[in-house]
Student: 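So that we are looking at the same thing, I have put the structure below in structure tokens.
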4 protein chains.
Amino acid sequence: MVGTRRSLREVLGPVRTKEIEEAALRVIAARGLEGATMQAIADEAGLAKGTLYLYFEGRDELLIHLAESAFEELLASVDAALSGTEPARTRMEAGIAAQFSFFESRRDFFRVFVEVVHPGGAASARRKRSCNPLYQSFVSRFARFFREAHANGELHAPLPERLALFMAEGVNGLILNRLSEPNPPLPDEEVRWIVDSVLNGIEIRRSSS
Amino acid sequence: MVGTRRSLREVLGPVRTKEIEEAALRVIAARGLEGATMQAIADEAGLAKGTLYLYFEGRDELLIHLAESAFEELLASVDAALSGTEPARTRMEAGIAAQFSFFESRRDFFRVFVEVVHPGGAASARRKRSCNPLYQSFVSRFARFFREAHANGELHAPLPERLALFMAEGVNGLILNRLSEPNPPLPDEEVRWIVDSVLNGIEIRRSSS
Amino acid sequence: MVGTRRSLREVLGPVRTKEIEEAALRVIAARGLEGATMQAIADEAGLAKGTLYLYFEGRDELLIHLAESAFEELLASVDAALSGTEPARTRMEAGIAAQFSFFESRRDFFRVFVEVVHPGGAASARRKRSCNPLYQSFVSRFARFFREAHANGELHAPLPERLALFMAEGVNGLILNRLSEPNPPLPDEEVRWIVDSVLNGIEIRRSSS
Amino acid sequence: MVGTRRSLREVLGPVRTKEIEEAALRVIAARGLEGATMQAIADEAGLAKGTLYLYFEGRDELLIHLAESAFEELLASVDAALSGTEPARTRMEAGIAAQFSFFESRRDFFRVFVEVVHPGGAASARRKRSCNPLYQSFVSRFARFFREAHANGELHAPLPERLALFMAEGVNGLILNRLSEPNPPLPDEEVRWIVDSVLNGIEIRRSSS
DNA sequence: AATGAATGAGTATTCATTCAT
DNA sequence: TATGAATGAATACTCATTCAT
């Protein structure tokens, strides 16, 4: 009995936490990051404003936690995509496709991601810099992939970290752009085109016959 | 003499405008975009709050003007770099180097750039969406370059706009990253590496003997 | 008990609203409409500035609500006075006495009344013009009275709306004047004198013997 | 020569003063009293903001002076109308007609009149109470008229000051109302109706057969 | 005498956070 | 645990007034 009670509490906490996070996500989707006031989140969650502070220290912590939760998903799906025994090209396509689908399915969260992630961005005075590691760990997945493929002799990637960052940001730019495009191409096509361009290069080499 | 007097006054306007812009830039550098309150900018400029409103209609206009001023410089230098008769590789290196040096010399402004430019970002509700064209015109310089090089047979760039965006964002990512690196490589090296990677591709093609 | 608690909360809203309105009234009395800043009202109410916004959407809404609340009282008492079966003279005296006592007991609010009511007044750009109907409905009570008395053959009032307005403003002028008079006559005397003058006329008609 | 110079100065002062007052009047007409900022008045007058302070101590003094100037006109025309040897009814009609035409020809100024004149009105904290006398002197013209007509045996006006005030305000109410009427009657008709009502009274007296 | 750049106190309003219930 | 009333610091913006030129 006592055990039941205790576990109820222990279970309720994470549940409420999740509810609040999801409410916050919906609010951000609808009204932007700036419009995501504590009141708006509380309303959306069907809770009182003060209750939010029982589960999060404050607004900043809530947003950071939001980003972290989302990132865990992203990392998991990128990891799954990049690992395996297929050729590097195949895995790279899968990894970037994962990046695409993550942000496409949460396009509204994308802005939070961008803002929370870029260190020193807008509200950085308040927000802890510690959000950065999130992005680092995302990028570093690709970096590891490049490093291994380089070691394998599959890819020529002597600067895997930089390459990973370059790719990640370039892809993000494309995804962001898609948000404002009326009829963007299918994600898969875009992924294939990116990977193809980067792997093959875009320079036309004249055959010295 | 009278002419001198008059010109003094006429000159003061642009000077103050510039002073304020520079103060704003410094504040943004130190405290982020959100921390760039009118009071903080006025303090930094050694002026009274109200004085700012003699030169700018309001905060939004000031920030937009800031971005525009900077962009004009960027566009001019990118244009100069990309035009010419040298081979595509050379010009591309020059163009990206221009992008590098622009942001390296104004690294603090980078954030404004990013935020003002990305439509829908944090404070976008207030800001006019019209800032977007700034970024568009920057990217479109590279797009045009790719389109022409594609027509020339110098590059394989069937989707020049997307490629330009991908490159621009990728490069921005690298620049941004440099801000937090203790000892970043020389910009020129980094530029060469990027261009090389993109032009040649990173896949190692086995000779089919 | 639980019911008591709940009703406590539900009761607090109107109470606070009333408190704020009364504080606002006091401030207006002491410092004029323009001096009735949100800060001043909050101070007078013993509340924080922000609290005011929990009960009123903003300054304009507060002032309008103030006027409306007061008007409802006025209308009710004028209605009661003008209706009935007594002779027109008696009811008219009662109606004007109601107008008198309303403004005498709230002399400080009089200014709000005047300003809020007169369309196009000072701060009218902000305020919705819709306040006007308040005054209209007050005047129209007298207009109806005159119209009916005219139909009855009790009074000669072929232009009841104009007459009502003329009377209302004339009486207001007298009330306003009383505010600065050291020893104004008793309201009742003044009312009788007004009604007498208007009903009998002031011209001395010589008997044509 | 010296004399000429000096007189130039002496003449310029009043001229500028007049120019500024007229500019102020135009601004008030167009933008309301609250919109009559020093800048707006200066622009309208084709002068610099600072110049206004050479002719008026400040905004309040300017507005008061404005009211005073206008009142002098009003008083003169009312005086002319009320004096004479015609019967009281005729002179009273002329006096009220003067009041009508004054405000009809300066309808935009009417609001200033109302606000500046009513002691304790909106901005009264700043404005000196001394504006009141303006209104007093206007009203007192009618008061004197009633007193004399009472003494003459032409009118029954035992309380001439109150009657004058009552009439003045009542008439003002009608004028003000005309501002928002689409097709107000001719002023002369309205004047005749008012005077007739007040002189004859509106009560229908049954003949005691 | 005339200017207009500079000032800064003052305004309404927002919202993260606290705490008594 | 949950509430939501209360808070007050912070923000953008206005405008009467001053004063060096």
Side-chain angles (χ1 to χ4, degrees), chain A residues 8-9 12-13 16 34-43 46-62 126, chain B residues 5-6 8-9 12-13 15-16 34-42 45-62 126, chain C residues 5-6 8-9 12-13 15-16 34-42 45-62 126, chain D residues 8-9 12-13 16 34-43 45-62 123 126:
Chain A
L8 249 181
R9 270 190 194 169
L12 195 57
R16 275 271 187 277
E34 194 165 282
T37 66
M38 293 303 264
Q39 183 63 65
I41 295 169
D43 290 348
L47 293 171
K49 212 172 1 176
T51 308
L52 267 45
Y53 290 84
L54 299 178
Y55 297 93
F56 297 94
E57 278 185 26
R59 186 177 184 264
D60 294 348
E61 206 231 344
L62 198 166
R126 299 172 173 177
Chain B
R5 261 194 192 165
R6 180 168 295 173
L8 251 180
R9 275 199 184 154
L12 193 57
V15 165
R16 274 273 184 278
E34 194 166 282
T37 66
M38 292 303 264
Q39 184 64 66
I41 295 170
L47 293 170
K49 205 176 2 177
T51 307
L52 268 46
Y53 291 86
L54 297 179
Y55 297 92
F56 297 94
E57 278 185 25
R59 187 177 182 266
D60 293 351
E61 205 231 346
L62 199 165
R126 298 174 174 174
Chain C
R5 261 194 192 166
R6 179 168 296 173
L8 250 181
R9 274 201 184 153
L12 193 58
V15 165
R16 275 274 184 276
E34 193 166 284
T37 67
M38 294 303 264
Q39 184 63 67
I41 294 169
L47 292 171
K49 208 174 1 176
T51 307
L52 267 46
Y53 290 85
L54 297 178
Y55 297 92
F56 297 94
E57 279 186 25
R59 187 176 182 267
D60 293 351
E61 205 231 346
L62 199 165
R126 297 174 175 175
Chain D
L8 249 182
R9 272 190 192 165
L12 195 58
R16 275 270 186 278
E34 195 165 281
T37 66
M38 292 304 264
Q39 183 63 66
I41 295 170
D43 288 348
L47 293 171
K49 213 174 359 177
T51 308
L52 267 47
Y53 289 84
L54 298 178
Y55 296 92
F56 296 94
E57 277 185 28
R59 186 177 183 265
D60 294 348
E61 205 231 345
L62 197 166
R126 298 171 173 178

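Computed over heavy atoms, backbone and side chain alike; hydrogens, waters and symmetry mates excluded. Proteins come first, then strands; the chains are lettered A, B, ... in the order of their sequence lines, and each starts at number 1.
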Student: Measuring from atom CG of D:D43 to atom NZ of D:K49, what distance do you get when rounded to the nearest 0.5 angstrom?
Tutor: 9.0 Å
Student: Quickly work out the D:Q39 CD to F:dA16 C1' distance and round it to whole Å.
Tutor: 11 Å
Student: Looking only at heavy atoms, what is the nearest atom pair of C:A40 and C:G35, with distance?
Tutor: CB-O, 3.9 Å
Student: Could you tell me the separation between the CZ atom of D:F56 and the P atom of F:dT17, rounded to a whole number of Å?
Tutor: 13 Å
Student: Compare all side-chain heavy atoms of B:R16 with those of B:L54 and state whether any distance is below 4.5 angstrom.
Tutor: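 No, their side chains stay 4.5 Å or more apart.
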Student: Whole-Å distance between F:dT3 C1' and A:M38 CE?
Tutor: 14 Å
Student: Nearest-Å distance, OH (C:Y53) to P (E:dA12)?
Tutor: 6 Å
Student: What distance do C:M38 atom CE and C:R59 atom CZ have between them, rounded to the nearest 0.5 Å?
Tutor: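 Here the interatomic distance stands at 8.0 Å.
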Student: Would you kindly give the CG-to-C1' distance between B:D60 and F:dT11, to the nearest whole Å?
Tutor: 12 Å
Student: Tabulate atom names and distances for all N/O pairs under 3.5 angstrom spanning the protein and nucleotides 6-8 of chain F.
Tutor:
{"unit_1": "F:dA6", "atom_1": "OP1", "unit_2": "C:R16", "atom_2": "NE", "d": "2.4"}
{"unit_1": "F:dA6", "atom_1": "OP1", "unit_2": "C:R16", "atom_2": "NH2", "d": "2.7"}
{"unit_1": "F:dA6", "atom_1": "OP2", "unit_2": "C:Y55", "atom_2": "OH", "d": "2.2"}
{"unit_1": "F:dA6", "atom_1": "N6", "unit_2": "A:K49", "atom_2": "NZ", "d": "3.4"}
{"unit_1": "F:dT7", "atom_1": "OP2", "unit_2": "C:A48", "atom_2": "N", "d": "2.8"}
{"unit_1": "F:dT7", "atom_1": "OP2", "unit_2": "C:T51", "atom_2": "OG1", "d": "2.8"}

Student: Distance check needed: F:dT3 C1' versus A:D43 CG, whole Å only.
Tutor: 13 Å
Student: Within this structure, what is the CD1-to-C1' distance between B:I41 and F:dC13, rounded to whole angstrom?
Tutor: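 Taking atom C1' of F:dC13 as the reference, CD1 of B:I41 is at 13 Å.
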Student: For a stem of at least 3 consecutive Watson-Crick or G-U pairs with distances under 3.5 Å, i pairing with j, i+1 with j-1 and so on, which stems involve DNA chain E?
Tutor: E:2-21 with F:2-21
Student: Return the CG to OH distance between A:L47 and A:Y55, rounded to the nearest 0.5 Å.
Tutor: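 These two atoms lie 7.5 Å from each other.
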Student: Tell me whether the count of non-hydrogen atoms from other residues, nucleotides or ligands lying under 6.0 Å of CD in C:E61 goes above 12.
Tutor: yes
